Number of protein chains: 2
Amino acid sequence: MTEATPGRRGGRQLPTADELRIWRDFIETTAALGSRLESRLQGDSSLSTGDYSVLLALSEAEGQAMRSSELASHIGWERSRLSHHLGRMERRGLIRRQESATVPRGAEVLLTTAGAEAFRGATFPHLRAIRELFVDALTPEQIVAAGEIATALRARLDVPRAQ
Amino acid sequence: MTEATPGRRGGRQLPTADELRIWRDFIETTAALGSRLESRLQGDSSLSTGDYSVLLALSEAEGQAMRSSELASHIGWERSRLSHHLGRMERRGLIRRQESATVPRGAEVLLTTAGAEAFRGATFPHLRAIRELFVDALTPEQIVAAGEIATALRARLDVPRAQ
DNA sequence: TTAGCATCATTGACACGTCAACCGGTAGGT
DNA sequence: ACCTACCGGTTGACGTGTCAATGATGCTAA
């Protein structure tokens with residue numbers, strides 16, 4: 001297939017004008033979609049999508065608590081990012097941090113009642129926004145295609161410099 | 001079609017588990033793709049994608065200069081965002097700002113030679129990265145599908161609260 | 001024992017975005 | 001002429017993200 005379409009996978013270095021146009025549409029639209037979701041969530045609940053990820057993970061954790069590093073890897077964040085974010089969330093009373101009693105060097109992050117409350121209030125409008133802005137915008141076939149595209153892009157991202 | 005698939009477009013409020021999984025894959029992967037491009041560009045040229053957009057627009061403008069508001073609408077940024085960004089770019093010597101001689105209240109943004117230089121150096125690696133991380137990660141059919149998905153999502157974003 | 005050494009987490013500096021307030025100038029209506 | 005309203009642009013405050021440096025703690029090998 002790569003042989004049968006000369007120039008497609010071959011020595012060409014740069015995207016064509018069409019590919020570039022699609023690239024720009026794609027990356028800008030997905031970014032705009034993210035921002036829209038962000039501001040919807042903000043308006044509906046005064047939470048950011050970062051807050052939401054953290055609260056979701058803690059809500060599902062047993063005891064409504066997780067080790068910081070565990071939380072970081074669970075939601076795929078760098079520890080530094082999480083630490084900054086937890087600081088801001090702690091100031092707003094959404095979570096608490098305490099030295100883990102069991103593990104010596106481990107910081108436990110725990111959901112406060114205010115945090116659990118905020119998460120419960122945010123869930124429904126957030127999911128509704130996802131449905132309106134993503135699910136309902138696409139045909140069922142396009143949703144499947146979007147999943148496959150994400151998988152293909154992710155695979156490429158995971159092998160940073162292969163070839 | 002919407003009638004033939006009961007429940008699909010009907011009274012349901014929330015995404016299904018499958019839709020939600022695809023949503024997360026999709027939004028997280030596209031965000032990660034953006035970050036990867038950003039850091040590739042940063043490493044190759046010490047420019048951000050924001051810098052790149054500004055420099056691209058100025059490079060293509062006649063006289064390598066544009067009015068600030070014109071530039072903002074050309075690349076789709078808020079005025080405030082552009083103003084902050086131009087301040088940072090000016091500090092690095094990539095652009096200059098001056099009162100427009102012709103239009104009284106208009107600020108002209110002009111490309112410096114350093115800015116033009118930086119842009120020229122960034123173009124090739126940036127386009128190559130787009131090809132590696134996006135174009136080459138997808139089949140030709142998937143690229144077309146990505147374009148259609150972007151168009152559909154954009155259409156929904158442009159009518160914020162329609163229905 | 002102690003000298004590294006990796007790991008967990010935090011911190012500071014900085015770039016980036018958004019929001020709301022502000023400023024100066026121009027245009028319109030009275 | 002004067003008041004007002006808008007328009008182009010800037011600024012400040014703040015939340016957010018990355019990177020590099022730092023503490024603090026446990027592990028391992030001399």
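The shown structure was predicted, so the numbers you read here are calculated from the model rather than taken from an experiment. Chain letters run A, B, ... following the sequence lines, proteins first and then strands; every chain starts at 1.
- Between A:H85 and A:M89, the closest side-chain pair of non-hydrogen atoms falls below 4.5 Å.
- When rounded to the nearest whole Å, the span between CG of A:L86 and C1' of D:dT16 equals 13 Å.
- Residue B:R97 places no side-chain N or O under 4.0 Å from the OP1 or OP2 atom of D:dG9.
- One can place CZ of A:R92 at 12 Å from C1' of D:dC14, the figure rounded to the nearest angstrom.
- Here the C1' atom of nucleotide D:dG9 and the CD atom of B:E108 are 14 Å apart, to the nearest Å.
- Closest approach to the A:E78 side chain among D:dG9, D:dT18, C:dC19 is made by D:dT18 (side chain taken as heavy atoms from C-beta onward).
- Rounded to an integer number of Å, the gap from NE2 of B:H85 to C1' of C:dC14 is 14 Å.
- A:Y52 and A:F119 have tilted rings, their planes meeting at an angle from 30° to 60° on a 0 to 90° scale.
- Across the interface with DNA chain D, nearest-nucleotide mapping of A:D51 and B:H84 shows B:H84 to be the residue nearer the 5′ end.
- B:L94 places its CG atom 10 Å from the P atom of C:dC16, with the value rounded to the nearest Å.
- Between the CZ atom of B:R88 and the P atom of C:dT18 there is a distance of 11 Å, given to the nearest Å.
- A:M66 is not listed as a side-chain neighbour of A:E108, based on a closest heavy-atom distance of 4.5 Å or more.
- Along DNA chain C, the nucleotide closest to B:R81 and the one closest to A:S83 are compared, and the more 5′ of them pairs with A:S83.
- Rounded to an integer number of Å, the gap from CZ of B:R36 to C1' of D:dG17 is 16 Å.
- Residues B:L82 and B:L56 share a hydrophobic cluster, clusters being chains of Ile/Leu/Val/Met/Phe/Trp/Tyr side chains in contact below 4.5 Å.
- Looking at the side chain of B:S80, the nearest of the listed nucleotides D:dG8, D:dT11, C:dC8 is D:dT11.
- Nearest nucleotide to the B:R67 side chain, out of C:dT11, C:dT10, D:dG9: D:dG9.
- Between B:R79 and C:dT18 there is no side-chain N or O to OP1 or OP2 distance below 4.0 Å.
- Side-chain contact between B:L133 and A:L157 is present, with heavy atoms from C-beta onward closer than 4.5 Å.
- For the pair A:E38 CD and C:dT18 C1', the computed distance is 11 Å after rounding to whole Å.
- Positionally, the nearest nucleotide of DNA chain C for B:Q42 lies more toward the 5' end than for the other of B:Q42 and A:S39.
- Note on A:S35: nothing from the nucleic acid sits closer than 4.0 angstrom, heavy atoms only.
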